[in-house]
Amino acid sequence: MARIGTVLQAADHLGACLARWGINRMHYLVPPGLYALGNPTPESPVLVTANYKMSFDAVRSELGGHDVWLLVLETYGINVWCAAGKGTFGTEELVNRIRLSRLDQFVSHRRLILPILGAPGVAAHEVTRQTGFAVRYATLRAADLPEYLANGAVTTARMREITFSFYERLVLIPVEVMLALKPIAWVGAVLFALFYAVGGLSAALTAFGGYFGACLTGIAVTPALLPWLPGRSFALKGAVAGVIYTACFYLGAGGASWGWPLAAAAFFAFPAFSSFYGLNFTGCTTYTSRSGVKKEMRLSLPVMAGSLAVSLLLVVAAWFV
Amino acid sequence: MKGFRYLEDVTTLQFDPARCTGCGRCVEVCPHQVFAVQGRKAELMDRDACMECGACAKNCAARAITVDAGVGCASGLINEWLQERKLLKGIKTGGCCQ
């Protein structure tokens, strides 16, 4: 059993920063097992978390001055919420980890404190039935743990209300950009080659730049401006941001000289890309449902495809008619 | 949740009050305050706030709650569709939820 500190070092901050950019993100983890924070006694509380190092650090850095046990589950370097969704932060792993770490020999009580976002993977009553440990879901955020422990393990309404602040959205954007780069590069290369073949380098650069900006509008701008974009549908929010972006691009890139078919093609194609990536951000939010996303996809994917088809026809018309 | 609201009338969340024992676990696990215990039973307070995470159903010992929980991003769902139709055999696609 390892004893760990509660003050994050420069290397911890750097590692977290790199992981946010998708660097070493899938291998940013700590060994699962039981850890001691401060000088815990057999009466000290047991907190449970995932073995993604950013989750582990988030918990321990909030608990300076506390004496607690930290039971870290093997989630293969995935955070609590995502791991709970796929079941690795789950009943089976928790039960196994309690046994493997011989938790019952370190503590005299039989209580576990779990993050609320771990609940989709853990059946509390099953854990109790199999191990004798009672489960309490404490808080959504690690930052509320000190207050939770100080006020006698009472979860206030605020501690269980999820948020999605500007900053909380902003930190998600880098990794989304990195994950999307590969497909964007493929589509972009085809687009570049087509425009280069017919219109030369300048046309190819304009087409590629416009397309790339449209993707970024969906991936970065739409999440950042989420509450201010109209409607509830993410596809619609992305499309609106995309139309505004296209208008800016049209003015900034000398759209008046394109001729109307190409200009119209831009206004059909670019918002479709923004809309798709805007819709994709539903996977990162804290409030969208699977059924809602399915409904959005049924309605919006045909519109996006139609929009791209019209755009393609306009481009062909501009060149060959 | 303050400031954000998703589509209405889409959630697959179902609650059977006849089975409910009023233990309050659903209130404890829901990040969107969909449930509240009124008297000796839970009650659906805000069904449309549900994000289908499945925490309530998973933690309901009385099996009074069902919901179709799962991945909620467009690329994840597209991958699921393609795999179900066996169009993605052997191809590993990038994504956040691997």
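Both backbone and side-chain heavy atoms feed into the values below; hydrogens, waters and symmetry mates do not. Within every chain, numbering begins at 1; the chains are lettered A, B, ... in the order of the sequence lines, protein sequences first and strands thereafter.
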### Message
Using 0.5 Å steps for rounding, measure from the CG atom of B/D48 to the CZ atom of A/R232.
### Response
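One gets 8.0 Å once the value is rounded to the nearest 0.5 Å.
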
Counting only pairs under 3.5 Å, give me each side-chain donor-acceptor contact of residues 114-125 of chain A, with atom names and distances, residues two or more places apart or in other chains.
none

Validation row: [X], [Y] side chains within 4.5 angstrom (heavy atoms):
| X | Y | result |
| --- | --- | --- |
| A/S291 | B/T11 | no |
| A/T285 | B/M51 | no |
| B/I78 | A/M297 | yes |

Which atoms of [X] are under 4.5 Å from chain A, going by heavy atoms: the side chain, the backbone, both sets, or neither?
| X | result |
| --- | --- |
| B/C60 | backbone |
| B/C50 | backbone |
| B/A61 | both |

### Query
Which of residues 24-33 of chain B get closer than 4.5 angstrom to chain A, counting heavy atoms alone?
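Against chain A, the residues of residues 24-33 of chain B that fall inside the cut-off (heavy atoms, under 4.5 Å) are B/R25, B/V27, B/E28, B/V29, B/C30, B/P31, B/H32, B/Q33.
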
### Task
Anything in residues 87-94 of chain A with a heavy-atom distance to chain B below 4.5 Å? Please list those residues in order.
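Residues of residues 87-94 of chain A touching chain B at under 4.5 Å: A/T91.
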
Heavy-atom distances under 4.5 Å only: say whether [X] touches chain B with side chain, backbone, both or neither.
| X | value |
| --- | --- |
| A/R136 | both |
| A/F276 | side chain |
| A/T155 | neither |
| A/K182 | neither |

### Query
Between B/E80 and A/R290, is there a side-chain N and carboxylate O pair less than 4.0 Å apart?
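Between A/R290 and B/E80 there is a salt bridge, with a charged N closer than 4.0 Å to a carboxylate O.
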
### Query
Do you know the tightest heavy-atom contact between A/T163 and B/M1?
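Looks like C-CE, 3.8 Å.
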
### Query
Parallel, tilted or perpendicular: which describes the rings of A/Y287 and B/Y6, with under 30° parallel and over 60° perpendicular?
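Ring orientation of A/Y287 relative to B/Y6: perpendicular.
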
### Message
Looking at B/F4, I want to see if its CZ is surrounded by more than 12 non-hydrogen atoms of other residues, nucleotides or ligands under 6.0 Å.
### Response
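It does: B/F4 CZ has more than 12 such atoms within range.
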
### Query
More than 12 heavy atoms of other residues, nucleotides or ligands under 6.0 Å from CH2 of A/W186: is that the case?
no

Among [options], which residue forms the greatest number of heavy-atom pairs with chain A at distances under 4.5 Å?
| options | answer |
| --- | --- |
| B/V67, B/L77, B/N59 | B/N59 |
| B/G54, B/C53, B/C56 | B/C53 |
| B/D68, B/D9, B/V10 | B/V10 |

### Message
Looking at chain B, which one of A/L226, A/V135, A/L301 has the largest number of heavy-atom pairs inside 4.5 Å, strictly under?
### Response
A/V135

### Task
Considering only heavy atoms and a distance below 4.5 Å, find which of A/L279, A/T288, A/T282 pairs most often with chain B.
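Most heavy-atom pairs under 4.5 Å with chain B: A/T288.
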
### B/F15: partners by ring-ring contact (aromatic ring centres under 6.0 Å, His included), with sequence neighbours left out
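B/F15 satisfies ring-ring contact (aromatic ring centres under 6.0 Å, His included) with B/F35 only.
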
